[in-house]
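By convention in this document, chain letters (A, B, ...) are assigned in the order of the sequence lines, proteins followed by strands, and residues within each chain are numbered from 1.
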Protein chains: 2
Amino acid sequence: MTRVLVVDDEPQILRALRINLAARGYEVVTAADGAGALRVAAEQRPDLVVLDLGLPDIDGVEVILGLRGWTSVPILVLSGRSDSGDKVDALDAGADDYVTKPFGMDELLARLRAMLRRGSGTEDEPLVSFGEVVVDLAATRVTVGGDEVRLTPTEWQLLAVLVRNPGKLMSQRQLLLEVWGPGYETAQGNLRLYMAQLRSKLEPDPARPAYFRTEPGMGYRFDP
Amino acid sequence: MTRVLVVDDEPQILRALRINLAARGYEVVTAADGAGALRVAAEQRPDLVVLDLGLPDIDGVEVILGLRGWTSVPILVLSGRSDSGDKVDALDAGADDYVTKPFGMDELLARLRAMLRRGSGTEDEPLVSFGEVVVDLAATRVTVGGDEVRLTPTEWQLLAVLVRNPGKLMSQRQLLLEVWGPGYETAQGNLRLYMAQLRSKLEPDPARPAYFRTEPGMGYRFDP
DNA sequence: CGGATCCCTGACGACCTCCTAACGAGGTGT
DNA sequence: ACACCTCGTTAGGAGGTCGTCAGGGATCCG
């Protein structure tokens, strides 16, 4: 299901969006300020963000930059100001669309559909296989020699990031950012632990990894 | 260069857009009606389309559908009508953004930048090759005759600096600064060491370097 | 309430990378 | 011919990084 994060400090707008989005079959998570937006985004991993610029704590552009630091999720900005400068600042900070209040709900929904359509166009090849292992990214399922292997949520996220970048070296910072979200850039012991668990579950010889190679001092690389 | 197709039947708008886009470094091609738009798009393959909905021959939504039949190029719709229904129809037909006239030129340009930024997510990998060696800067990988070569972080940084400046003489000071950072400008013994390791791993005859040449008293030069 | 699962933290040994130092080779100017 | 400088090579120790194990806290479920 498509998950949408709605960020607004006005309860009535939050409620209106929640009702309309839920009626269209979206899963809705909300936040009332900038700090909450960044936290919820890191925890819930929405497929799209609707962001009001007039937040009580942080400037909206800062929120956009905070999100863009580690994710490329589509961002639709909602704002009461129709200033041309505000629009340019938000869009250049990394927003994908800008709608001024008051807005038509059907127009907003159409813009959301357009953004989601563009994002979902690049989702091909949900099946990745190497050796005895088959990874189904769409179904969140992993099999080794036909037998299903149970992965914890964190293990799965780590595997997904690696498998989506075959042959490419992923720095520890990059992996920590994409799996644990911002704020965990220094938890390298954690990354080592989960990499070991992944290898013990997927590698034929976990002591001598063949697919999930470590590049000392730099990061890890998935090599099919 | 980024190529933009502008479709409008009003000459003054066409002229204003052409001038502003050209001033920003875009290549501009134009069409004055729907049939021309489809023809020019097929011939010129623009990276982005700015489309006025009020065309004399074909309905704008039909033009969008005609484009979407064979290309996923981003489409920004320009329209005099601010009807909510028109927006929804155009967006659901496949448009990516919708701006109503009169529009601010800086806002329009910001929206174009946002659309182009999203599209360019799948950048091709920069590959540098010389002799048997292939350097993949995006994946952080080096192969010699097809076999992968393991490089330490410092070796890789040094190689990256050299490879990014082909044919250019890099002074020792410059190399030390870019690889080791400020404060190590005098550690020339270090630079000699890592240059030797790079040569022993990449050069066919490390004793007589062919690609990583040393200019006595000055620095080093990468010659593909 | 008890058990299970998952996530995080800390400690320890093994390994690897990095830096420093010393020595020889080659070129240059006096 | 000699001194001097720069470059290339080798060896060894210091420090950081990686993999592994054990233990505690949080959450979910029977």
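Exactly one of A:Arg199, A:Lys201, A:Arg150 qualifies for a salt bridge (charged side-chain N to carboxylate O under 4.0 Å, His left out) with A:Glu155. That residue is A:Lys201.
Here D:dG19 presents its P atom at 12 Å from CZ of A:Arg213, a figure rounded to the nearest Å.
Two rings, from A:Trp180 and A:Tyr194, have their centers less than 6.0 Å apart.
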- Kindly indicate, with the supporting measurements, whether the criterion side-chain hydrogen bond (donor to acceptor under 3.5 Å, both in side chains) is fulfilled by A:Asp106 and B:Ser84. CA-CA 7 Å; A:Asp106 48 357; B:Ser84 175; 2.8 Å; yes
Protein-nucleotides 6-14 of chain D N/O pairs closer than 3.5 Å?
residue, atom, partner, partner atom, Å
D:dC7, OP1, B:Gln172, NE2, 3.0
D:dC7, OP1, B:Gly217, N, 3.1
D:dG8, OP1, B:Arg199, NH2, 2.4
D:dG8, OP2, B:Tyr220, OH, 2.8
D:dG8, N7, B:Arg192, NE, 3.2

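On the nucleic acid side, DNA chain C has its first and last nucleotide under 4.0 Å of a heavy atom of chain B at C:dT17 to C:dT20, going 5' to 3'.
Using a cut-off of 4.0 Å between Lys/Arg side-chain N and Asp/Glu carboxylate O, B:Arg118 and B:Asp96 are scored as not salt-bridged. Ion pairing between a basic and an acidic side chain is recognised when a charged N comes within 4.0 Å of a carboxylate O; A:Asp86 and A:Arg81 show such pairing. At a threshold of 4.0 Å, the pair A:Glu178-A:Arg45 does not count as salt-bridged, since none of the basic side-chain nitrogens sits closer than that to a carboxylate oxygen.
With hydrogens and angles ignored, the 3.5 Å screen pairs no side-chain donor or acceptor of A:Gln172 with any backbone N or O of A:Gln188.
Around CZ of B:Phe130, the count of heavy atoms belonging to other residues, nucleotides or ligands within 6.0 Å exceeds 12.
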